[in-house]
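Everything on this sheet refers to the single structure shown next.
Just follow the structure's listing: the first ligand is 1, and inside any ligand the first atom is 1. All residue numbers in this chain count up from 1 along the given sequence.
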Amino acid sequence: MKSEDLFKEAKNYLPGGVDSPVRAIKPYPFFAIKGEGPRLFDVDGNSYLDYCLAYGPLVLGHAYPPVMEAVSKQLSMGTAYGVPTENEIKLAKEVVRRVPCAEMVRFVNSGTEATMSAIRLARAVTGKSKIVKFEGAYHGAHDYVLVKSGSGAFGLPDSPGVPEETTKNTLLVPFNDEEAITSLVGKEKEELAAIILEPVMGNVGCIPPKKGFLEFLRKITAENNIILIFDEVITGFRIAEGGAQEYFGVTPDLVTFGKILGGGFPIGALAGKREFMERIAPAGDVYQAGTFNGNPISITAGLETMKHLDKDFYQAMNVKGLEMRRGLENILEDASLNYPVAGLSSMFQIYFTDNEVWDYSQAKSADTEKFNSYFQTLLGSGVFIPPSQFECCFLSQAHSSEDIQKTLEAMEKGIKTL
Ligand SMILES: *Cc1c(COP(=O)(O)O)cnc(C)c1O
């Protein structure tokens, strides 16, 4: 069956025909059959250079042979044990070696579980209930954080089914706004358990922190007994060996991971200072558990992936990212357009607006019809980027300079036909 028919069929059995909202590409999504290196293949016989990369995890490209081999070996020995494995220690050690704030790690199954557990821990440690999140930030799909959230929920009203009693403890501020935070902390510090943020907002496109902003958050949280949580589900292992905290030189109290850490398999993790982490059960009293926590397949894939993410890797990714962003800037300049090209390291996005973009409200000023037309032209030219203005595009190790040049040609077409 072709994608169009599969989608019709899917809608009878899966709400909206998909298992996660952003995948419902209009008029219908292409159904994948295979991924290989930088390319994704569909059931209709097309192939695409892939800059979605499963929304971030595939930093080595699709089906990277060493990871596939390690996983095959593990598969033949079983898939879940319900008892610990040595590889969990090895991967935890690797996280601790790389990540400045990480002294201990708890592995879970998704980024969603990681942020939920981190917030619970921060509340337990401080004995306070309220948290601060930034408008447009996405920390997964659980109730504590589903307020003015980015990603698939972008632009939708907050979800029905989330009780007001839950979200009244989630306070919102604009990203990069020191004044708003100072004023909020002044009022609420007796009740504030945590500030949680994506150090680079990757679920409203790509918004970096202003210079000094992360340092400011570090200082104001430390002074007021508030836990600083970096949600590095995207930036972790993508922008530096030790993630955003290494890249920007600011160390939070707790960090959450997902995506890349699982080497293409489902995973999440929570890490941080020992004094906090030892509050987690069974070392401490803060409950956290999961049937598939530390799953041997995900752990093996993550462990093998980490072997390939060294300093040289990040240098090479920085070069690829620059090539892409410079190329885009040149195209826009030739077309006399002022759209900002956002990104750092291997992350990038164009905003179809004449404004600078430092927060959610500025991101929202982008022209999503222009974005959709650009997206469709790219797709027609064999280039797949995430189908929303408010997602981030990613590069992988597998994308060659030639691939990038081909992509830039398609992007030029996409921008000029607007
Ligand atoms: C993807 C993402 C999550 C959620 O991770 P899942 O594994 O999809 O639950 C949380 N935070 C950020 C920053 C993300 O990008």
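Proximity of the aromatic rings of Phe134 and Phe175 is defined here by a centroid distance below 6.0 angstrom, and this criterion is met. Remark: aromatic rings of Phe384 and Tyr51 are distant, center separation not under 6.0 Å.
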Could you go through residues 247-259 and list every donor-acceptor pair under 3.5 Å that involves a side-chain atom there, pairing it with any protein atom two or more places apart or in another chain?
| unit_1 | atom_1 | unit_2 | atom_2 | d |
| --- | --- | --- | --- | --- |
| Asp253 | OD1 | Arg218 | NH1 | 3.2 |
| Asp253 | OD1 | Lys273 | NZ | 3.2 |
| Asp253 | OD2 | Arg218 | NH2 | 3.0 |
| Asp253 | OD2 | Leu228 | N | 2.8 |
| Thr256 | OG1 | Asp231 | OD1 | 3.0 |

Using a 3.5 Å cut-off and no angle test, enumerate the donor-acceptor pairs between side-chain atoms of residues 182-194 and protein atoms at least two apart in sequence or in another chain.
| unit_1 | atom_1 | unit_2 | atom_2 | d |
| --- | --- | --- | --- | --- |
| Thr182 | OG1 | Glu178 | O | 2.8 |
| Glu188 | OE1 | Lys130 | NZ | 3.0 |

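For ligand 1, the atoms lying closer than 4.0 Å to a non-hydrogen atom of Asn203 are 12 (C), 13 (C), 14 (C), 15 (O). Of all atoms in ligand 1, listed by their number and element, those nearer than 4.0 Å to a heavy atom of Glu198 are 13 (C). Atoms of ligand 1 lying under 4.0 Å from any heavy atom of Gly111, numbered from 1 in the order shown and given with element: 4 (C), 5 (O), 6 (P), 7 (O), 9 (O). Each of the following atoms of ligand 1 lies closer than 4.0 Å to a heavy atom of Ile234: 15 (O). Near Ser110, meaning under 4.0 Å from any of its heavy atoms, are these atoms of ligand 1: 7 (O), 9 (O).
At distances below 3.5 Å, at least one donor-acceptor pair connects side-chain atoms of Gln245 with backbone N or O atoms of Cys101.
If you look at Lys259 next to ligand 1, the close heavy atoms, those under 4.0 Å, all belong to the side chain. Residue-level proximity to ligand 1 for His139 is carried by the backbone, the only part with a heavy atom below 4.0 angstrom.
Closest to atom 9 (O) of ligand 1 among all protein heavy atoms lies Thr112 OG1, 2.6 Å.
Using a 4.0 Å heavy-atom cutoff, Asp231 is listed among the residues neighbouring ligand 1.
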